[in-house]
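By convention here, the first residue in the shown sequence is residue 1. Computed from heavy atoms alone, side chains included, the values below leave out hydrogens, waters and symmetry copies. Predicted model only: the values in this text are computed from it and were never measured.
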Amino acid sequence: MYRLTYAFLLLLVTLSGCASVKVLPQPVASGVVNPKGDTVTVAGKSIVITAGVADTDMVNYNIENMIASFQVEIQNIGDTEVAFETEGFLLLDSTGKQYVALSPERIRQMIAKDTYYLLPYPYVGFYYLEDYEHASFKNATNSRLPYYYELYPQDVYSKSLPQGAVIPKAKISGLLYFHVDLGSLDSFKLLVYRKGGSKSSDPDFSIPFRVFK
């Protein structure tokens, strides 16, 4: 019983610690931090990017590793198309460690197949579909807790940043995913390279963020 109580308290401390982490963009040349302070819009040659952290840890997907997501919008204000791909987005922390964006397919592979049958600790299983539906409805109407059984893997695809070309005067928006524990960092930069661009050269965009704990 003591071990059970200790484990539960440890989980609560861990969750509260994650919740206290806040990641905010920092001022950058040709960039404007929005009034709420959680995203920044940066203008470059023919491209305008708005970026901010969407989720410091996707705990509601019950992924074993820390996965952070970023909300990104790319607007093409030029006269020719521009293209981007997952590998063109990187995080670079203050120690020089880099993190490459994960594809939605890679995220899907990291999600356990049966997580929707379980609640967070102490893990209560559903033996009947009626129980699952009842609990799902109750959680949706009465609670904001990220119960694992409310898992929709298709969201990883539907909410991700589209890949490929952005035609003139058009824009795309969606989520980028990184395998990183933002709570362990002090600061980092979101680096953006156009498709086909050399990563030995300067990135098209370098957007700084600071982590507050």
**Contacts of type side-chain contact (heavy atoms from CB on, under 4.5 Å), residue Val180, not counting sequence neighbours** = Ala68, Leu91, Tyr99, Phe178, Leu182, Leu185
**Request:** Taking the side chain as every heavy atom from C-beta outward, state whether Lys97 and Leu92 have any pair of such atoms under 4.5 Å apart.
**Result:** no
**Asked** Looking at side-chain heavy atoms only, is the closest gap between Asn34 and Thr41 below 4.5 Å?
**Response** no
**Prompt:** Considering all heavy atoms of both residues, which atom of Ser173 and which atom of Pro162 are nearest to each other, and what is their separation?
**Reply:** O-CD, 3.4 Å
**Message:** Measuring from atom CG of Leu161 to atom NZ of Lys159, what distance do you get when rounded to the nearest 0.5 angstrom?
**Reply:** 14.5 Å
**Item:** Considering all heavy atoms, the nearest Arg194-Ser46 contact
**Value:** NH2-OG, 3.5 Å
**Item:** Lys213 atom NZ: more than 12 heavy-atom contacts under 6.0 Å
**Value:** yes
**Message:** Quick check against the 3.5 Å criterion: does Asn76 have a side-chain atom that pairs as donor or acceptor with the backbone of Ile167?
**Reply:** yes
**Message:** Measuring from atom OG1 of Thr56 to atom CD1 of Ile67, what distance do you get when rounded to the nearest 0.5 angstrom?
**Reply:** 12.0 Å
**Item:** Heavy-atom pair of closest approach, residues Pro208 and Pro27
**Value:** CG-O, 4.1 Å
**Message:** Could you tell me if Gln163 and Thr86 have a donor-acceptor pair between their side chains, going purely by distance under 3.5 Å?
**Reply:** yes
**Prompt:** Phe84 and Val48: same hydrophobic cluster, using ILVMFWY side-chain contacts below 4.5 Å?
**Reply:** no
**Item:** Derivation and outcome, side chain to side chain contact (heavy atoms under 4.5 Å, CB included), residues Val211 and Val21
**Value:** CA-CA 7 Å; Val211 181; Val21 174; 3.8 Å; yes
**Asked** If you measure from OG on Ser103 to CD on Gln109, what distance do you get to the nearest 0.5 Å?
**Response** 7.0 Å
**Asked** Is it true that Asp204 and Lys45 make a salt bridge, defined as a side-chain N closer than 4.0 Å to a carboxylate O?
**Response** no
**Heavy-atom side-chain proximity of Gln98 to Leu191 below 4.5 angstrom** = no
**Asked** When clusters are formed by joining ILVMFWY residues with side-chain heavy atoms under 4.5 Å apart, either directly or through shared neighbours, do Ile49 and Val28 land in the same one?
**Response** yes
**Message:** Restricting to non-hydrogen atoms, name the atom on Gly196 and the atom on Glu85 that form the minimum distance, rounded to 0.1 Å.
**Reply:** N-OE2, 4.2 Å
**Asked** With a 4.5 Å heavy-atom cut-off, do Arg108 and Val156 have their side chains touching?
**Response** no
**Asked** Do other residues, nucleotides or ligands put more than 12 heavy atoms under 6.0 Å from Lys169 NZ?
**Response** yes
**Request:** Please confirm whether the backbone N or O of Leu24 pairs with a side-chain atom of Gln26, one donor and one acceptor, at under 3.5 Å?
**Result:** yes
**Prompt:** Can you pull the ring pair (Phe, Tyr, Trp, His ring centres under 6.0 Å) pairs that have at least one residue in residues 186-213, sequence neighbours excluded?
**Reply:** Phe70-Phe188, Phe70-Phe209, Phe188-Phe209
**Prompt:** Do Ile172 and Val40 share a hydrophobic cluster (ILVMFWY, side-chain heavy atoms under 4.5 Å, transitive)?
**Reply:** yes
**Request:** Assess whether side chain to side chain contact (heavy atoms under 4.5 Å, CB included) is satisfied between Glu81 and Val166, documenting all intermediate values.
**Result:** CA-CA 5 Å; Glu81 68 179 39; Val166 184; over 6 Å; no
**Shortest non-hydrogen separation from Asp155 to Tyr177 and the atoms involved** = O-OH, 4.2 Å
**Request:** Could you check Ile74 against Ile47 for side chain to side chain contact (heavy atoms under 4.5 Å, CB included), going step by step and ending with a plain yes or no?
**Result:** CA-CA 7 Å; Ile74 301 176; Ile47 303 173; 3.8 Å; yes
**Prompt:** If you take all heavy atoms of Thr39 and Gly52, which pair is closest and at what distance?
**Reply:** CG2-CA, 4.0 Å
